[in-house]
Amino acid sequence: MGSVGAKDVPELLDAHGKRIDGRGLHDLRPLKIEAGVLQRATGSAFVEWGENKVMAAVYGPREVHPRHMQQNTKAVVQCRYNMASFSVDERKRPGLDRRSQEISKVIGEALESVLFVEEFPKTSIGIYIEVLQANAGTRCAGLVAASVALADAGIPMSDLVPAVAVGKIAGKLALDLRKEEDNYGESDVPMALVPRSGRLVLLQMEGHMTRDELKTAMDMGVKGCEKIYEIQKAALRNRYSLGGNGGGEAQ
Amino acid sequence: MGSVGAKDVPELLDAHGKRIDGRGLHDLRPLKIEAGVLQRATGSAFVEWGENKVMAAVYGPREVHPRHMQQNTKAVVQCRYNMASFSVDERKRPGLDRRSQEISKVIGEALESVLFVEEFPKTSIGIYIEVLQANAGTRCAGLVAASVALADAGIPMSDLVPAVAVGKIAGKLALDLRKEEDNYGESDVPMALVPRSGRLVLLQMEGHMTRDELKTAMDMGVKGCEKIYEIQKAALRNRYSLGGNGGGEAQ
Amino acid sequence: MGSVGAKDVPELLDAHGKRIDGRGLHDLRPLKIEAGVLQRATGSAFVEWGENKVMAAVYGPREVHPRHMQQNTKAVVQCRYNMASFSVDERKRPGLDRRSQEISKVIGEALESVLFVEEFPKTSIGIYIEVLQANAGTRCAGLVAASVALADAGIPMSDLVPAVAVGKIAGKLALDLRKEEDNYGESDVPMALVPRSGRLVLLQMEGHMTRDELKTAMDMGVKGCEKIYEIQKAALRNRYSLGGNGGGEAQ
Amino acid sequence: MTNEVTTEILATHVLDLAKAGKRLDGRGLDELRPVRITPGYVTSADGSALVELGDTKVLCGVKLEPGTPFPDTPNAGVLTTNAEIVPLSSPEYEPGPPSIQSIELSRVVDRAIRAAEAIDLAKLCVTPGEKCWTCFVDLHVLDDSGNLTDAALLAAMSALKNAKLPGERFEIGPTVPLEVNHLPIETTFVRIGDALIVDPTCEEEDTCQGRLTIATDEAGNVVAMQKSMVGAFSPHDVIELVDRALVHGDRLRELINTTK
Amino acid sequence: MTNEVTTEILATHVLDLAKAGKRLDGRGLDELRPVRITPGYVTSADGSALVELGDTKVLCGVKLEPGTPFPDTPNAGVLTTNAEIVPLSSPEYEPGPPSIQSIELSRVVDRAIRAAEAIDLAKLCVTPGEKCWTCFVDLHVLDDSGNLTDAALLAAMSALKNAKLPGERFEIGPTVPLEVNHLPIETTFVRIGDALIVDPTCEEEDTCQGRLTIATDEAGNVVAMQKSMVGAFSPHDVIELVDRALVHGDRLRELINTTK
Amino acid sequence: MTNEVTTEILATHVLDLAKAGKRLDGRGLDELRPVRITPGYVTSADGSALVELGDTKVLCGVKLEPGTPFPDTPNAGVLTTNAEIVPLSSPEYEPGPPSIQSIELSRVVDRAIRAAEAIDLAKLCVTPGEKCWTCFVDLHVLDDSGNLTDAALLAAMSALKNAKLPGERFEIGPTVPLEVNHLPIETTFVRIGDALIVDPTCEEEDTCQGRLTIATDEAGNVVAMQKSMVGAFSPHDVIELVDRALVHGDRLRELINTTK
């Protein structure tokens with residue numbers, strides 16, 4: 001969000017209202033989802049979303065380690081969002097920084113909101129997200145991938161969870177920000193929807209928005225999520241159809 | 001203790017034998033103790049002693065974590081003395097440095113010497129001390145606070161434990177050193193007394209003292225501890241008297 | 001191995017084929033082994049090999065910590081190779097670096113290959129190696145010492161394990177490299193032998209060797225190991241003979 | 001570790017109360033606990049404040065020290081927010097590296113300060129690319145009786161308003177008050193069944209179905225939000241809570257501005 | 001944690017198969033799994049490659065950044081190899097500091113690259129003693145279905161061959177391809193009973209009696225070896241495996257060199 | 001982990017012996033174990049000594065390297081004392097970060113060296129504020145058979161007396177012996193019932209009711225003290241022990257001074 005002292009701010013919207021990559025304000029970047037891409041994981045999914053590449057794997061339900069974290073009445077959801085050192089322009093030190101830890105927490109809580117954790121007491125469900133190539137929106141891409149991986153693992157859920165960010169660029173609300181829009185835009189609202197209930201299980205925000213802008217932003221996000229939801233479902237159908245080799249895809 | 005290459009050594013005793021803050025050699029700094037200041041802790045106490053502000057809390061007896069530290073014949077005493085990053089002039093990195101770990105050990109051992117740990121096998125008693133503002137003597141202030149917090153928690157003890165340091169400044173023994181006296185003085189002897197037995201449960205020393213000076217220093221310290229003991233007892237009386245809002249106080 | 005940009009490469013072989021310290025290509029450095037040198041350990045040994053000084057201790061079989069590492073069908077072998085901070089020219093930060101961790105792993109696996117770990121299920125055998133003074137070949141010296149310490153501890157093994165490195169210096173294969181030979185030589189092949197089976201339980205290599213050179217290097221190493229084996233056995237005999245004060249010794 | 005039976009009984013009780021529009025401590029669903037702010041509580045800091053929100057106690061100390069600007073923002077000072085949830089503050093403390101709770105707490109407070117542009121970081125630059133002020137906002141949680149976030153941002157903003165740039169101590173110009181341009185306030189709500197209640201106690205947090213923190217500024221903007229814990233909010237809920245957060249925000253800004 | 005009964009039954013089965021010259025997945029004892037190399041898989045890296053060796057997947061990203069030479073090698077750039085065996089890749093992952101497996105993996109890959117002199121570090125020096133390129137070879141294990149080492153070195157060498165020195169980005173001369181002078185290949189074998197089998201799956205690694213990795217270069221030299229895991233090899237075994245490693249090495253070098 | 005029954009039986013036995021003025025190993029209550037000092041034990045260090053105090057073995061290595069003075073003492077070199085109680089030394093070792101025992105050990109040894117002004121740190125300054133010698137005193141515990149503190153300070157002082165400032169190696173003047181101005185000695189006592197015994201073995205430490213370490217210098221001053229472990233001493237006890245420590249101190253100083 002508008003870092004102090006930054007130079008060379010690019011023009012985020014052209015005279016025709018088109019964005020840097022030619023999209024309109026309500027357009028998603030191309031999205032491709034493939035389920036069942038890893039051999040060792042219980043379930044897995046790969047998401048290519050614009051220039052993001054994100055892999056998710058699910059393990060479990062299984063024994064809890066360390067043991068003292070075990071819960072008698074429900075499964076423990078352990079979520080880890082991690083960025084590969086080479087996924088960003090400037091090499092990132094390997095390991096979870098504070099940002100990654102916060103994102104791990106909010107993604108884990110979002111997904112636990114649709115899991116029937118009471119059905120698997122004393123176990124753990126591990127959700128692991130690796131960002132291989134990043135271009136803004138990786139927490140949403142990770143959530144989208146992890147949700148499909150959970151379904152691929154056969155873990156009962158009340159719904160799939162699509163997610164997308166809405167931001168404000170050059171004074172306008174725009175769906176699904178890419179890197180330059182995120183860096184130089186005015187605000188960013190990532191959100192994750194449970195389509196069947198219409199409720200948000202992830203919602204963060206940074207920047208400046210009026211109450212009414214926020215309302216519109218959530219409307220745009222919900223519509224975006226509904227499109228993503230269809231692609232998630234298609235990926236799972238492809239996984240289980242015999243001829244399926246592709247996955248779900250947008251555009 | 002007289003650091004090498006230090007400049008601007010202040011005059012620690014004036015022509016009338018008065019100290020920087022006007023005290024005589026046998027005077028304590030003002031001391032205020034309040035018991036029962038925290039809601040979540042089993043017991044707690046706040047100490048304001050000169051320009052020191054120290055909070056102590058006690059939790060337990062409770063389950064031991066990690067489990068393998070549990071002892072079958074006694075409670076485990078876990079003590080943590082920590083300084084807030086802003087409690088000293090130059091910001092301190094958060095977390096326990098080696099000094100804090102050593103102080104945690106000697107305070108914990110001092111207090112365990114008056115606890116009936118055999119009465120609570122397989123449990124732990126947690127003693128937590130936070131130095132919020134520091135001006136020399138924080139280990140003694142922490143011990144004084146923790147001892148009152150243990151009593152506030154209702155944990156059986158053979159006695160309260162007062163503590164104070166005696167040092168040598170400008171060649172003279174002086175009670176209860178403040179920062180400049182500690183930095184530029186010649187030695188420092190913090191000690192903690194069990195008044196009913198007349199024995200010391202904490203005793204450290206650094207600097208230069210003859211055997212006879214040390215004897216005198218311990219005498220001065222014991223007398224100082226007896227005064228502090230009264231203030232500790234008053235704080236606990238106030239805590240349990242209905243009208244009590246204050247705590248114990250000196251000067 | 002020939003580090004880039006290094007200067008002042010010493011002459012490793014003189015006109016008569018003698019090495020820096022006067023040895024021939026097939027000579028070991030002087031080796032002295034003493035068993036039973038520590039009081040608290042179950043078994044121990046001290047090795048002085050050229051300018052290396054290495055101490056090894058063995059503890060166990062004993063309870064496993066942390067508990068979750070316990071194995072129901074065999075003993076867990078925990079091996080730690082560590083260098084004292086002052087054992088090398090430039091002070092080394094205390095603690096295990098990545099090199100030490102790798103060496104700990106390969107030494108532990110080498111020794112486990114001769115231990116009857118199935119006889120001690122649910123226990124751990126701790127093997128601890130401290131390099132006090134280092135001059136190339138410390139992993140072999142550590143293995144030699146640890147093997148004797150295991151025997152001193154009375155832990156059943158199929159054989160003692162001698163170890164030595166063969167390297168290539170000035171184009172020739174040479175036994176038991178010292179520091180300059182290791183730093184400026186062309187390759188290094190440390191190996192550990194089980195004499196009764198003729199098999200290698202440790203084998204590493206770095207540098208350049210043809211297949212045939214490697215074959216010759218292993219032959220030289222095996223012969224070196226056989227000499228070391230005799231010194232190991234002598235050290236154990238001395239430990240248990242009443243008059244024994246020395247240990248095994250070469251040259 | 002937690003007594004699961006007790007937790008479940010308590011959860012049911014809190015839920016039943018909420019259905020009836022009531023709370024354990026007798027407050028209304030949109031009623032904050034009493035707030036007490038003590039600026040300048042710690043004189044060893046360059047700025048400080050103790051905030052008591054009911055039984056919750058958070059102490060903030062601000063320290064300003066010379067440092068180096070980040071390479072990508074050569075004309076700006078550095079702001080660092082850190083939260084210590086020390087074992088003194090709660091029986092739930094677990095030993096080990098900073099807990100995820102303390103990391104989330106510091107990040108959510110930090111985000112509100114930055115997004116609201118409370119401090120003009122450009123003014124903390126001394127020599128572009130070379131020297132700047134580093135502003136450490138250190139939060140020390142003393143009693144975690146619920147809703148640490150709101151108490152922590154109140155403490156941080158009060159401490160910043162109380163802070164002096166110690167130019168003389170470091171021989172970088174005169175010692176002057178730190179300028180605070182905007183005053184973000186966070187208001188946190190939890191869902192208990194269908195009720196959306198403000199300023200939760202720890203019992204309410206333990207049994208809630210979702211928590212939402214909304215940061216507003218004095219111009220009526222939303223500057224930051226954080227949904228956390230397991231649970232969900234509809235967009236309609238969110239807008240209702242924004243409206244409520246704006247009201248509480250104005251009241252608390254008034255309190256900070258009038259506290260000396 | 002591991003199911004010991006299953007492990008033992010599997011071990012017996014793998015051993016029985018090996019006695020009959022067979023393997024769980026039907027391969028011959030000296031047969032590699034299918035190899036697929038995708039260079040340039042990650043565009044945020046300066047060089048990258050995804051390697052699939054059967055179900056085993058390792059992604060390598062190379063990053064080149066300006067740095068300072070080590071004091072004892074003032075005329076050389078710096079090469080740093082790091083391996084992350086992330087929890088996504090295997091059920092056996094344990095939380096905590098880098099596992100000894102990941103340390104051994106990165107060190108064995110690093111040793112082969114260095115010993116083969118694959119990269120001329122002198123060419124990565126910019127100003128002697130002051131400025132050089134630091135080359136980070138980061139290995140990210142995505143699916144650990146056995147024999148990570150061979151897949152990791154293939155990925156590293158493919159990524160290095162794919163890499164560009166980003167001179168323009170850092171204003172240190174033009175952006176040019178990174179020069180790769182030699183192409184080390186590692187081939188790993190395990191002993192199962194008396195059988196010595198190549199490219200083990202994780203089931204074979206779990207039940208083996210010794211593992212040996214042999215790195216060769218295009219001139220037919222052995223440049224690095226690592227025996228690991230409990231077990232032993234005779235010198236005669238070692239030479240047999242060197243001969244086999246030279247054959248596999250040539251085939252895989254050919255594959256890397258022809259993959260675009 | 002410790003066998004509690006054995007510990008209790010041993011404690012009772014040690015106590016009964018002490019009442020009768022006896023000890024497990026037959027020593028008198030004020031009798032040290034035999035001391036053996038081997039200076040120069042490790043040639044890779046700039047100074048070193050192995051100290052054997054009965055079965056207790058502590059090795060000290062001193063390293064001197066160029067460094068930077070601390071900002072608040074620009075005219076002084078830096079002294080750093082570190083103790084490693086490695087798992088080789090005792091069955092009681094626990095894995096993890098440096099134990100509190102090793103931290104206390106290094107701090108108590110460090111305090112005695114500093115308080116006695118054993119080394120003139122001003123002489124380790126090369127260029128005020130810019131360059132100085134850093135003196136690392138590294139203690140490596142090889143066998144913990146009790147009373148590590150006394151053995152460790154003996155090793156440290158012997159190693160310092162054995163040390164050379166390696167000026168030539170670092171091209172900072174000639175290589176000369178390190179000057180040692182004062183010779184602090186620590187003597188440690190434990191209380192067993194009413195008995196106050198010197199130089200405790202580990203069995204005596206395990207069952208004691210308080211431990212007191214007293215550091216003296218050659219002028220008869222007390223320069224440092226540390227009471228540790230659960231237990232208490234009266235001021236009268238302390239003075240009695242100071243008198244005894246002065247006697248032992250003189251004897252051990254004599255031993256160090258006459259050992260080559």
Side-chain angles (χ1 to χ4, degrees), chain C residues 36-46 48 50-67 69 78-96 100 104 124 126-135 138 142 145-146 149 153 179, chain F residues 1-3 33 40-50 52 54-57 59-67 80 82-98 102 106 134-146 159 163 166 169-170 201-203:
Chain C
V37 294
L38 299 175
Q39 159 68 15
R40 306 261 356 231
T42 319
S44 60
F46 177 66
E48 203 170 337
E51 289 165 56
N52 291 305
K53 288 186 180 177
V54 178
M55 187 85 85
V58 166
Y59 286 88
R62 60 180 176 182
E63 273 185 62
V64 184
H65 285 276
R67 187 68 63 90
M69 293 186 61
Q78 298 179 306
C79 179
R80 183 180 190 268
Y81 160 101
N82 182 47
M83 299 187 85
S85 55
F86 45 77
S87 63
V88 285
D89 282 347
E90 191 178 346
R91 179 177 182 267
K92 201 189 147 295
R93 258 174 73 114
L96 296 193
S100 293
S104 299
S124 102
I127 302 172
Y128 305 112
I129 295 166
E130 294 291 326
V131 177
L132 308 180
Q133 184 175 301
N135 186 303
T138 58
K179 190 165 58 181
Chain F
M1 187 180 180
T2 44
N3 183 324
R33 289 171 292 176
Y41 186 81
V42 166
T43 56
S44 47
D46 294 310
S48 67
L50 174 68
E52 293 162 89
D55 286 321
T56 293
K57 285 188 183 60
L59 175 60
C60 179
V62 167
K63 280 279 195 186
L64 286 141
E65 292 182 358
T80 296
N82 184 60
E84 296 270 299
I85 305 184
V86 292
L88 169 134
S89 66
S90 158
E92 268 110 52
Y93 177 85
E94 302 237 340
S102 70
S106 62
T134 297
C135 180
F136 293 99
V137 175
D138 285 320
L139 296 158
H140 219 77
V141 175
L142 300 177
D143 199 330
D144 177 6
S145 293
R169 178 150 49 103
F170 294 106
T201 62
C202 48
E203 291 86 359

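Below, chains carry the letters A, B, ... as their sequence lines are ordered, and counting in each starts from 1.
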> Considering only heavy atoms and a distance below 4.5 Å, find which of F:Cys60, F:Pro87, F:Ala45, F:Pro98 pairs most often with chain C.
F:Pro87
> Decide yes or no on side chain to side chain contact (heavy atoms under 4.5 Å, CB included) for F:Val42 and C:Phe86, but give the supporting numbers first.
CA-CA 8 Å; F:Val42 166; C:Phe86 45 77; 4.0 Å; yes
> In terms of heavy-atom proximity below 4.5 Å to chain F, should C:Arg91 be classed as side chain, backbone, both, or neither?
both
> So which heavy atom on F:Ser90 is nearest to which on C:Arg40, and how close?
OG-NH1, 4.0 Å
> Is the backbone N or O of F:Val86 less than 3.5 Å from a side-chain atom of C:Glu130, with the two atoms forming a donor-acceptor pair by type?
no
> Under 3.5 Å, is there a donor-acceptor pair between the side chain of C:Gln39 and the main chain of F:Asp143?
no
> If you tally heavy-atom pairs under 4.5 Å against chain C, which of F:Leu142, F:Thr43, F:Val62 wins?
F:Thr43
> Checking C:Ala149 against chain F: side chain, backbone, both or neither under 4.5 Å from a heavy atom?
neither
> Let me know which of C:Ile127, C:Leu38, C:Val58 forms a side-chain contact (heavy atoms from CB on, under 4.5 Å) with F:Leu88.
C:Leu38
> Side chain of F:Lys63, backbone of C:Lys92: donor and acceptor closer than 3.5 Å?
no
> If you compare all heavy atoms of F:Glu84 against all heavy atoms of C:Pro94, which two are closest, and at what distance to 0.1 Å?
OE2-CB, 3.3 Å
> Can you tell me which portion of F:Ser89 sits under 4.5 Å from chain C's heavy atoms? Options are side chain, backbone, both or neither.
backbone
> Please report the interatomic distance OH(F:Tyr93) to OH(C:Tyr59), rounded to the nearest 0.5 Å.
11.5 Å
> Which of the residues C:Pro66, C:Ser87, C:Ser44 is involved in the greatest number of heavy-atom pairs with chain F at under 4.5 angstrom?
C:Ser87
> Identify which part of C:Glu51 has an atom lying under 4.5 Å from any heavy atom of chain F, answering side chain, backbone, both or neither.
neither
> So do the side chains of C:Asn82 and F:His140 get within less than 4.5 Å of each other, counting heavy atoms only?
yes
> Check each atom of F:Asn82 against the heavy atoms of chain C and say whether the ones under 4.5 Å are side chain, backbone, both or neither.
side chain
